[in-house]
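From a predicted model like this one, the values you see are computed outputs, not experimental measurements.
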Amino acid sequence: MAKRPHMDCYAVGDHAEFAKTVSEYDVYGFAGIVGDFYGVHVNEEYAKTTRFEKRIAQGALSVGFLATVMGTMAAKAPNPGAVSHRYDITFTAPVYIGDTVTARLDLADKDEPRNTCIFTATVTNQKGVVVASGKTYLKVL
């Protein structure tokens, strides 16, 4: 595959982030959209019986925040642009309702022959605890 000219819009070290306080509305809204009504997310009494002791946000919500940052990165490329290609994320700590999380991507590598940017992905809470981490991949079109 030939290198796309818009690969030059990206340089190793580029980064972006998005921060948000996770509300009860976010958890219920996300549950309604994706159908994840598991008790640890929406049932306080059930959540008290778990190791978390209170309700937690869905892990995929943190991935959604990373997707927001991927959109910011994709927007750097002029038409035809770039798209999210892959997410390899591990959840390492819970996100509680009321936590403020910051999703951050750092461009770690470029696979020029595949027109792909590889990002280190982290989501941290207000205490600096990493709640999710891994890699994301952006395909430049």
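- Annotation: the span from Asp111 atom CG to Thr116 atom OG1 amounts to 5.5 Å, rounded to 0.5 Å.
- Side-chain contact between Asp14 and Lys76: present, with at least one pair of heavy atoms (C-beta onward) separated by less than 4.5 Å.
- A continuous path of hydrophobic side-chain contacts links Val123 to Val69 [ILVMFWY only; heavy atoms under 4.5 Å].
- Side-chain contact check for Pro94 versus Arg51: every heavy-atom pair is 4.5 Å or farther apart.
- A donor-acceptor contact shorter than 3.5 Å is absent between the side chain of His85 and the backbone of Cys117.
- The shortest side-chain heavy-atom distance between Phe18 and Thr72 does not fall under the 4.5 Å cut-off.
- Each of Ile118 and Met7 belongs to its own hydrophobic cluster when Ile, Leu, Val, Met, Phe, Trp and Tyr are linked at side-chain heavy-atom distances under 4.5 angstrom.
- Among residues two or more places apart in sequence or in another chain, the side chain to side chain contact (heavy atoms under 4.5 Å, CB included) test is passed with Thr122 by Arg104, Ser133.
- Taking CG of Asp88 as the reference point, atom CZ of Phe119 lies at 14.0 Å (rounded to 0.5 Å).
- Looking at Val63 and Phe91, their side chains come closer than 4.5 Å, going by heavy atoms from C-beta outward.
- Under a cut-off of 6.0 angstrom, the local environment of NZ in Lys135 is sparse, with at most 12 non-hydrogen atoms contributed by other residues, nucleotides or ligands.
- For the atom pair Lys54 NZ and Glu45 CD, the distance stands at 14.5 Å (nearest 0.5 Å).
- For Val22, the side chain to side chain contact (heavy atoms under 4.5 Å, CB included) partners two or more places apart in sequence, or in a different chain, are Asp26, Val27, Ala57, Leu61, Phe65, Val95, Val101.
- Residues Thr120 and Ala108 come closest through the heavy atom pair OG1-CB, 3.6 Å.
- Of the possible donor and acceptor atoms, one in the side chain of His41 sits under 3.5 Å from a partner among the backbone N and O of Ile56.
- One finds the CD1 atom of Ile97 at 3.5 Å from the CZ atom of Arg55 (value rounded to the nearest 0.5 Å).
- With rounding to the nearest 0.5 angstrom, the CG atom of Leu107 is 11.5 Å from the NE2 atom of His15.
- Between atom OH of residue Tyr137 and atom OH of residue Tyr87 there is a gap of 12.5 Å, rounded to the nearest 0.5 Å.
- Minimum heavy-atom separation, Met70 to Leu105: SD-CD1, 3.4 Å.
- A donor-acceptor distance shorter than 3.5 angstrom exists from the side chain of Gln126 to the backbone of Thr100, with no hydrogens or angles considered.
- Nearest heavy atom pair, residue Ala82 against residue Val140, reads CB-CA, 3.9 Å.
- A donor-acceptor pair under 3.5 Å is formed between the side chain of Lys139 and the backbone N or O of Arg114.
- With a 4.5 Å cut-off on side-chain heavy atoms, Leu138 and Tyr10 count as touching.
- The minimum heavy-atom distance between Thr21 and Gly98, with the atom names listed, is CG2-O, 3.6 Å.
- Residues Ile89 and Ala132 approach most closely at CG2-CB, 3.9 Å, considering heavy atoms.
- For Tyr46, the side-chain hydrogen bond (donor to acceptor under 3.5 Å, both in side chains) partners are Tyr38, not counting sequence neighbours.
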